[in-house]
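Sequence lines set the chain letters: A, B, ... in the order given, protein chains first and strands last, and positions in each chain run from 1. Here the structure is a predicted model, which is why all the values come from computation and not from measurement.
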There are 2 protein chains.
Amino acid sequence: MQDSETRSKPRRSDATRAAILAAARERFAADGYERATIRAIAKDAAIDPSMVMRYYGSKEGLFAAAAEIDLNLPGPMELRMQPADHVGRSLVAHFLDRWERDEVLTALLRVGATNPAGAERMQRILKDQIGPVAAAVCPDPAEAPRRAALVASQVLGMALARFVLRFPLAVEMPREEVIDWLAPTIQRYLTAPNP
Amino acid sequence: MQDSETRSKPRRSDATRAAILAAARERFAADGYERATIRAIAKDAAIDPSMVMRYYGSKEGLFAAAAEIDLNLPGPMELRMQPADHVGRSLVAHFLDRWERDEVLTALLRVGATNPAGAERMQRILKDQIGPVAAAVCPDPAEAPRRAALVASQVLGMALARFVLRFPLAVEMPREEVIDWLAPTIQRYLTAPNP
DNA sequence: TATTGTTGCCAACAAGCGTTGACCAACAGG
DNA sequence: CCTGTTGGTCAACGCTTGTTGGCAACAATA
């Protein structure tokens, strides 16, 4: 075992590690935590199940590694650069982009629904990544957390309908139309005065 | 086996059947499909696991029976009785009520996230129960399905945050405040002109 | 009372799971 | 050329799962 933080000579096993992680993300996204078996993940990565244990310790450890997520949201400065009434729109577009590109988000959503550890991780993401955005643009900073939660509820709800439950009506709706509908909602949750 | 539709002499086993169903709903709601084991459900109902099989055929059959859901939404006439700009508010209140009272809804949400059969059942509910509401109040009936999907995305998103993931910020938000925030969103999704 | 169906428990099955440790092949440094 | 480390396979462990069939007690009917 070696510190993965410090840059050291690349190991021969790095490729295997990456293959396992990629397969794990795919399986977790498609099947959720319980039905994504280590054996299936190992088969996808074309290695032995025991390697997964060696490199990630346990199934929980593998999931923890696979669910490392950075939403890559704009920082406070970038937020204030654009017109205030445009934040909702650009945020919705960003989320949609993010979700389409990265199956890990779908995986986390699936796992969070049945696994306490997954739910906790989602909570951290809300607090650490969406919270600051709300704090930067909402009128009363004390209200930021609640507004962040509201934003999360609409964004996660659309992600659920579109990428997890795959409601045909939500899947077929063109990206631009989704944005047109959701943007005002997000905008209001962030910046409207208390109703 | 006997037709449960036709009214026949009540069986002695009806109590057991009901106990199993109640325990199943609780477990499915708390743990999701895979982690809610037949053995655990049977123990909760204080009977033998094999009884579950006898009365419901299989685990899937049990879930199908446990997830029979009627959202009890207002009919077209009732909808037109109240002022048109009040529909959003009363709908949100109704959904919140429904979710707080009936753990089956949480169960279905949890199961739908990882189980294809669960997802399909949610889809049917959207189509058969939310769809008509949208059709009754939205300006262009042809658009009703899409608007129903939007409504579902926000309602399910809040249910996810509040009852499944249990984000503290969403859980602690008082019921009335949730309604105040969501009502305008739902109202807009239902009745606003295409954005 | 004798018979027949219902209700329930018990013990076991086969399959699948996460996880472990022994073992082998290839490489690296001296 | 050895020797220790790394990358990897294999076979098995202990356990839990959904599911099944046999068997005893009871109720109902005739």
Between [X] ([atom1]) and [N] ([atom2]), how many Å, whole number?
| X | N | atom1 | atom2 | answer |
| --- | --- | --- | --- | --- |
| B/Lys59 | D/dT19 | NZ | C1' | 12 Å |
| B/Arg17 | C/dT6 | CZ | P | 11 Å |
| B/Ile41 | D/dT16 | CD1 | C1' | 15 Å |
| A/Lys43 | D/dC10 | NZ | P | 13 Å |
| B/Arg54 | C/dC9 | CZ | C1' | 10 Å |
| A/Asp48 | C/dC24 | CG | P | 16 Å |
| B/Ile47 | C/dC10 | CD1 | P | 12 Å |
| A/Asp14 | D/dG7 | CG | P | 8 Å |

Interface residues of residues 20-40 of chain A with DNA chain D (non-hydrogen, below 4.0 angstrom): A/Arg39
A/Glu26: side-chain contact (heavy atoms from CB on, under 4.5 Å) partners, not counting sequence neighbours: A/Glu103
Listed partners of B/Val178 passing side-chain contact (heavy atoms from CB on, under 4.5 Å), at least two apart: B/Leu96, B/Met158, B/Arg162, B/Met173, B/Leu182
Non-neighbouring partners of A/Arg124 that pass salt bridge (Lys or Arg N to Asp or Glu O under 4.0 Å), sequence neighbours left out: A/Asp128
Phosphate contact (D/dG8 OP1 or OP2) by A/Thr16 side-chain N/O below 4.0 Å: yes
Pairs touching residues 57-81 of chain B that satisfy salt bridge (Lys or Arg N to Asp or Glu O under 4.0 Å), sequence neighbours left out: B/Glu68-B/Arg121
Selection residues 82-93 of chain B - residue pairs positive for salt bridge (Lys or Arg N to Asp or Glu O under 4.0 Å), sequence neighbours left out: B/Arg89-B/Glu176, B/Arg89-B/Asp180
Toward the 5' end of DNA chain C, by each residue's nearest nucleotide, A/Gly57 or B/Ser50: B/Ser50
Closest to the A/Pro49 side chain, choosing from D/dA27, C/dT19, D/dG8: C/dT19
Listed nucleotide nearest any side-chain atom of B/Tyr55, set C/dT19, C/dT7, D/dG8: C/dT7
Check: A/Arg25 side chain, A/Ala66 main-chain N or O, donor-acceptor pair, under 3.5 Å: yes
Salt-bridge present (A/Arg110, A/Asp31; N to O < 4.0 Å): no
